[in-house]
Undergrad: 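Before I ask anything, here is the structure I am working with.
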Amino acid sequence: AEASAPEGTVTMMFTDIVNSTAIKPNLGRFEGEWNQVWIERYQRPHHHILRECINEHHGFEVKTIGDSFFVAFSDPVRAVRCAVDMQRRLLETGLRIPLPGNPLLEIRIGLHTGPVVRQGTDYVGTSVDKAARIEGKAHGRQITISEQTYAMIQGQTPGLNYQSLGEFELRGLEGLHVVIMVDYGGGASALDDAIDDTERPLEELTHVEAPSQSPPPPPPTSSEPAGGGGLQWSGSLGGGRSAPSDGTSESTAVGTATA
């Protein structure tokens with residue numbers, strides 16, 4: 001049975017295919033031809049795989065926008081597990097794209113947990129905006145989540161590790177927001193997202209707040225060891241790789257934790 005639309009505090013997922021605009025002109029001689037090839041060869045199997053995962057993990061498909069999905073979950077653990085399955089299954093299909101090196105088709109996924117308002121079959125609110133911005137911080141093959149989602153899943157996702165990509169300003173939202181990457185063993189992206197990064201110092205975080213109806217307080221900056229489920233900071237992201245930015249600030253400091 002299909003999942004019903006969750007209410008109240010919801011975990012929202014946004015997905016997107018990486019570099020789809022650059023891929024399409026390589027599929028045919030003119031726009032009508034390449035769009036048709038794109039739909040048949042890539043978009044249709046992509047949609048099938050993602051919808052299988054959404055149904056298996058009891059997600060509610062809010063809508064699709066081109067190659068992107070907007071999905072809502074009542075359970076943040078199911079949402080994270082769904083995102084991992086999406087990434088793994090898509091890579092396993094071996095869909096190759098006509099770009100230099102013949103790389104695999106890749107997607108990026110972002111998750112955020114917070115209060116939302118139903119508007120017909122859609123959702124509105126700042127939490128929806130934040131989920132979309134969190135997705136925008138991921139590269140291909142990556143899953144990024146907010147600190148609110150991380151706080152809700154700690155200790156409930158054996159086999160997965162988590163790395164903080166740092167604090168970010170997110171377009172249209174006040175303050176700084178921690179973005180965390182889910183390490184599921186998917187490897188590094190073979191595609192260039194062509195997004196300029198701007199680095200900024202990161203103050204150490206020691207605690208992650210769970211979502212509530214009121215805005216979460218800013219993360220503390222104590223240098224004491226992390227406790228209460230916070231991320232443990234340990235070095236920098238391998239290869240000097242940093243998360244993409246939409247023209248906002250970020251840090252290269254990274255923490256790791258196992259939940």
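On a predicted model such as this, the values are computed, not experimentally measured, just so you know.
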Undergrad: Main chain of K137, side chain of T144: is a donor-acceptor contact present, judged purely on distance under 3.5 Å?
TA: no

Undergrad: Under 6.0 Å from the six-membered ring centre of Y184 and within 45° of its axis: does the NZ or CZ of R88 meet both?
TA: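 Checked: cation-pi criterion not met.
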
Undergrad: Minimum heavy-atom separation for R133 to R171, with atom names?
TA: NE-O, 2.8 Å

Undergrad: With sequence neighbours excluded, tell me which residues meet ring-ring contact (aromatic ring centres under 6.0 Å, His included) with H47.
TA: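 By the ring-ring contact (aromatic ring centres under 6.0 Å, His included) rule, H47 matches F69.
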
Undergrad: State plainly whether one hydrophobic cluster holds both I134 and Y123, where clusters connect Ile, Leu, Val, Met, Phe, Trp and Tyr through side-chain heavy atoms under 4.5 angstrom apart.
TA: no

Undergrad: Nearest 0.5 angstrom please: E135 CD to M12 CE, how far?
TA: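 Rounded to the nearest 0.5 Å, the CD-CE separation comes to 13.5 Å.
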
Undergrad: In terms of side-chain geometry, is the basic nitrogen of E56 or R89 positioned less than 4.0 Å from the acidic oxygen of its partner?
TA: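 Here E56 pairs with R89 in a salt bridge, since their nearest N and O are under 4.0 Å apart.
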
Undergrad: Name the one of L111, T11, I109 that satisfies side-chain contact (heavy atoms from CB on, under 4.5 Å) with I145?
TA: L111

Undergrad: Report the C-alpha distance between R96 and L105 in whole Å, list the side-chain angles of each, state the deciding distance to 0.1 Å, and finish with yes or no for side-chain contact (heavy atoms from CB on, under 4.5 Å).
TA: CA-CA 6 Å; R96 298 281 175 178; L105 186 74; over 6 Å; no

Undergrad: Between T64 and G66 (side chain of the first, backbone of the second, donor and acceptor by atom type, cut-off under 3.5 Å), is there such a pair?
TA: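 The answer is no, because no donor-acceptor pair under 3.5 Å joins these two groups.
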
Undergrad: Show, in sequence, the C-alpha distance, side-chain angles and deciding distance for V18 and R108, and conclude whether the side-chain contact (heavy atoms from CB on, under 4.5 Å) test is met.
TA: CA-CA 7 Å; V18 177; R108 51 176 167 252; 3.8 Å; yes

Undergrad: Mind listing the closest non-hydrogen atom pair of Q87 and I107 along with its distance?
TA: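 Scanning both residues completely, I find the closest heavy atoms to be NE2-O, 3.1 Å.
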
Undergrad: Taking N102 for its side chain and P98 for its backbone only, find out whether a donor-acceptor pair lies under 3.5 Å.
TA: no

Undergrad: Do you know the tightest heavy-atom contact between M13 and A79?
TA: CE-O, 3.6 Å

Undergrad: What's the separation between atom CZ in R41 and atom CD in Q43, rounded to the nearest 0.5 Å?
TA: 14.0 Å

Undergrad: State, to 0.1 Å, how close L27 and Y42 come at their nearest heavy-atom pair, and which atoms those are.
TA: CD2-CE1, 3.8 Å

Undergrad: Checking D122 now: which residues fulfil salt bridge (Lys or Arg N to Asp or Glu O under 4.0 Å) with it, not counting sequence neighbours?
TA: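 Residues passing salt bridge (Lys or Arg N to Asp or Glu O under 4.0 Å) with D122: K63.
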
Undergrad: Could you go through Q163 and I180, starting from their C-alpha distance and side-chain angles, then the distance that decides it, and tell me whether this counts as side-chain contact (heavy atoms from CB on, under 4.5 Å)?
TA: CA-CA 6 Å; Q163 292 183 319; I180 298 164; 6.0 Å; no

Undergrad: Under 3.5 Å, side chain of N26 to main-chain N/O of G28, donor-acceptor pair present?
TA: no

Undergrad: Check the pair Y162 / T157 against side-chain contact (heavy atoms from CB on, under 4.5 Å), numbers first and verdict last.
TA: CA-CA 10 Å; Y162 298 86; T157 57; 2.7 Å; yes

Undergrad: Is it the case that the side chain of S127 and the backbone of P115 share a donor-acceptor pair, with hydrogens and angles ignored and the cut-off at 3.5 Å?
TA: yes

Undergrad: Hydrophobic clustering (ILVMFWY, side-chain heavy atoms < 4.5 Å, transitive) - are V178 and I143 grouped together?
TA: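 Yes: a chain of side-chain contacts under 4.5 Å links I143 to V178.
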
Undergrad: Grab the two heavy atoms, one from V10 and one from F73, that are nearest each other, plus how far apart they are.
TA: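 Reported closest heavy-atom pair: CG1-O, 3.5 Å.
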
Undergrad: Do the side chains of V71 and F60 join up, straight or via other hydrophobic residues, at under 4.5 Å, putting them in one cluster?
TA: no

Undergrad: I'd like to know if I54 and I49 are part of one continuous hydrophobic network [Ile/Leu/Val/Met/Phe/Trp/Tyr, side-chain heavy atoms within less than 4.5 Å].
TA: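 I49 clusters together with I54.
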
Undergrad: I'd like to know if the side chain of H57 pairs up with that of D85 as donor and acceptor (distance under 3.5 Å, no hydrogens or angles considered).
TA: yes

Undergrad: Starting from L50, can I reach V84 by hopping between I/L/V/M/F/W/Y residues whose side chains sit under 4.5 Å apart?
TA: yes

Undergrad: How many angstroms lie between atom NZ of K24 and atom CD1 of I97, to the nearest 0.5 angstrom?
TA: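 One finds 12.5 Å between NZ of K24 and CD1 of I97.
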
Undergrad: Is it true that a side-chain atom of E33 and a backbone atom of R29 form a donor plus acceptor pair closer than 3.5 Å?
TA: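 Indeed, once roles are kept as given, a pair shorter than 3.5 Å links the two residues.
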
Undergrad: Using 30° and 60° as the class boundaries, would you call the ring planes of F14 and F70 parallel, tilted or perpendicular?
TA: parallel

Undergrad: Measuring from H139:NE2 to L165:CG, what's the distance to the nearest 0.5 Å?
TA: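 Atom-to-atom, H139:NE2 and L165:CG are 8.5 Å apart.
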
Undergrad: Can you check whether S164 reaches V179 side chain to side chain, under 4.5 Å on heavy atoms?
TA: no

Undergrad: Drop me the distance from L91's CG to E106's CD, to the nearest 0.5 angstrom.
TA: 7.0 Å

Undergrad: Which atoms form the tightest heavy-atom contact between T113 and Q148, and what is the distance?
TA: O-CB, 3.5 Å

Undergrad: Closer than 3.5 angstrom, by distance alone: can the side chain of Q156 be matched with the main-chain N or O of M152 as a donor-acceptor pair?
TA: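 It does hold such a pair.
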
Undergrad: If you define the side chain from C-beta out and look only at heavy atoms, does anything of I39 sit under 4.5 Å from W34?
TA: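 SC-SC contact between I39 and W34 ruled out.
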
Undergrad: Report the distance from atom CG of D75 to atom SG of C82, rounding to the nearest 0.5 Å.
TA: 11.5 Å

